[in-house]
**Q** 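Sharing a structure below in structure tokens format, with a few things to ask.
The analysis underlying the following values was restricted to heavy atoms, covering all of them including side chains, and did not include hydrogens, waters or symmetry mates. In this text the structure is predicted, and so the values were computed from the model without any measurement.
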Amino acid sequence: MDRRHFNKGLLAGALTGIGAGRAVAQAPNPVIFGITFDAAKQASYYALLMRDAALTRIEEINAAGGVLGQQIKVLTEDDENNPAIGAQKVEKLAAAGALFIFQVGSSAVGLAASRAAEELKVPNGAATNVAEALTKPHKNWYFRLGLRDSIATAGLIRFLKAKYPNPRIAVIRDGTETGLAVSDNQVKFLTEAGFNIVAKEQISPGSVDVTAQALRIKAANPT
């Protein structure tokens with residue numbers, strides 16, 4: 001079974017709520033499904049849960065007869081929460097014949113992985129990534145499962161306008177690539193909506209003292 005004849009829509013539908021984990025039953029010509037995930041870095045606290053959920057769902061699909069009568073074989077790769085490594089893992093999985101690559105990790109890694117998959121023309125997607133750039137501009141090989149930043153922020157904007165006529169907003173974000181990419185978009189959307197961003201502070205993952213940032217936020221007098 002090659003990519004040209006693979007029913008992408010069927011597998012994309014099966015992706016909702018799946019993750020990775022344990023071994024799956026084998027068939028003579030299995031459908032190869034790749035998963036990249038963060039095993040031990042900043043995104044691992046949710047990546048491992050999504051990975052385990054995925055394998056559980058794949059086991060259920062295999063037990064029900066697989067995809068078009070073929071079993072799903074799962075190949076997993078640790079992206080180490082590193083965009084460059086994430087792209088390399090996509091290339092490795094594509095070379096192994098993966099017909100779909102599920103990226104379970106941070107948005108920064110997801111962006112790099114999706115660019116690699118787009119170049120290789122491998123269907124891919126993620127349940128945990130919200131970055132606008134994943135699908136804007138349009139991508140031919142990416143299946144978005146999570147809300148775009150702009151959609152999620154639009155809900156926040158409606159809430160703020162209903163509750164606070166002219167709020168003064170302070171932004172606290174972590175200093176990772178994902179934290180900066182996601183918060184930069186949200187600040188952009190809030191500013192375009194006419195809100196006043198009075199402070200932006202960053203916190204490094206693992207910090208045990210954020211007193212200085214908290215004092216600067218307080219001094220900015222947010223609503």
Side-chain angles (χ1 to χ4, degrees), residues 12-13 15-19 36-38 41-51 53-54 79 81 83 86 102-115 118 124-139 142-223:
L15 282 173
T16 304
I18 80 169
T36 63
F37 68 101
D38 176 14
K41 301 293 177 59
Q42 289 96 337
S44 62
Y45 72 95
Y46 61 85
L48 292 173
L49 292 173
M50 291 298 298
R51 183 205 63 184
D79 63 32
N81 200 35
F102 191 42
Q103 293 128 17
V104 184
S106 68
S107 290
V109 177
L111 285 166
S114 68
R115 285 193 290 268
E118 191 77 11
N124 65 110
T128 55
N129 297 164
V130 299
E132 289 282 302
L134 287 165
T135 51
K136 294 183 71 177
H138 174 74
K139 305 296 190 302
Y142 189 85
F143 290 82
R144 180 182 285 280
L145 302 176
L147 288 176
R148 296 198 315 270
D149 277 343
S150 58
I151 296 174
T153 308
L156 173 62
I157 289 170
R158 287 195 297 272
F159 171 79
L160 289 173
K161 286 185 174 179
K163 294 293 251 181
Y164 307 100
N166 187 28
R168 294 167 54 83
I169 298 174
V171 176
I172 304 174
R173 57 191 186 171
D174 69 62
T176 64
E177 290 185 67
T178 294
L180 297 177
V182 172
S183 63
D184 281 347
N185 265 339
Q186 292 173 336
V187 168
K188 174 177 176 287
F189 300 136
L190 288 165
T191 302
E192 289 174 348
F195 291 112
N196 182 19
I197 308 297
V198 297
K200 277 195 298 187
E201 292 292 334
Q202 291 178 204
I203 298 173
S204 299
S207 296
V208 295
D209 185 356
V210 295
T211 304
Q213 293 94 323
L215 289 174
R216 287 193 292 269
I217 291 288
K218 182 179 180 181
N221 192 30
T223 300

**Q** What side chain to side chain donor-acceptor pair (under 3.5 Å) pairs are there with at least one residue in residues 193-203, not counting sequence neighbours?
**A** Arg173-Gln202, Glu201-Arg216

**Q** Find the distance between CZ (Phe37) and CZ (Phe102) and round it off to the nearest 0.5 Å.
**A**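 Phe37 CZ to Phe102 CZ: 12.5 Å, rounded to 0.5 Å.
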
**Q** Looking at CD1 of Ile172 and CD of Gln213, how far apart are the two atoms once the value is rounded to the nearest 0.5 Å?
**A** 8.5 Å

**Q** To check you understand the geometry: which heavy-atom pair defines the closest contact between Pro222 and Ala170, and what is its length?
**A** CB-CB, 3.9 Å

**Q** Quick one: CZ on Phe159 to OG1 on Thr153, what's the gap to the nearest 0.5 Å?
**A** 14.5 Å

**Q** Should Val171 and Ile197 count as side-chain neighbours, where that means a heavy-atom distance under 4.5 Å?
**A**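 Yes - at least one pair of side-chain heavy atoms lies under 4.5 Å apart.
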
**Q** What distance do Gln186 atom CD and Ser150 atom OG have between them, rounded to the nearest 0.5 Å?
**A**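 That separation rounds to 10.5 Å.
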
**Q** Please report the interatomic distance OH(Tyr142) to CG(Leu134), rounded to the nearest 0.5 Å.
**A** 4.0 Å

**Q** Between Thr223 (side chain only) and Arg168 (backbone N and O only), is there a donor and an acceptor less than 3.5 Å apart?
**A** yes

**Q** Which heavy atom in Ala131 sits nearest to a heavy atom in Ser107, and how many Å separate them?
**A** N-OG, 4.0 Å

**Q** Which is it for Phe195 and Ile157 under the side chain to side chain contact (heavy atoms under 4.5 Å, CB included) test, yes or no, and what are the steps along the way?
**A** CA-CA 9 Å; Phe195 291 112; Ile157 289 170; 3.7 Å; yes

**Q** Under a 4.5 Å cut-off applied to non-hydrogen side-chain atoms, are Tyr46 and Asp38 in contact?
**A** no

**Q** To the nearest 0.5 Å, how far apart are CG in Asn129 and OG in Ser114?
**A** 8.0 Å

**Q** Grab the two heavy atoms, one from Ala199 and one from Ala220, that are nearest each other, plus how far apart they are.
**A** CB-CB, 3.7 Å

**Q** Taking all heavy atoms of Ser106 and all of Asn81, pick out the closest pair and write down the distance.
**A** OG-OD1, 2.8 Å

**Q** Would you confirm whether Asp209, through its side chain, and Thr211, through its main-chain N or O, come within 3.5 Å as a donor-acceptor pair?
**A** yes

**Q** Run the side-chain hydrogen bond (donor to acceptor under 3.5 Å, both in side chains) check on Glu132 and Asn185 step by step: do they pass?
**A** CA-CA 8 Å; Glu132 289 282 302; Asn185 265 339; 5.7 Å; no

**Q** Side chains of Asn124 and Gln103: closer than 4.5 Å at any heavy-atom pair?
**A** yes

**Q** Report yes or no: does Lys139 contribute a side-chain atom to a donor-acceptor pair with the main-chain N or O of Pro137 at less than 3.5 Å?
**A** yes

**Q** Would you say the side chain of Leu160 lies within less than 4.5 Å of the side chain of Ile169, judging by non-hydrogen atoms?
**A**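 Yes, close enough: below the 4.5 Å cut-off.
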
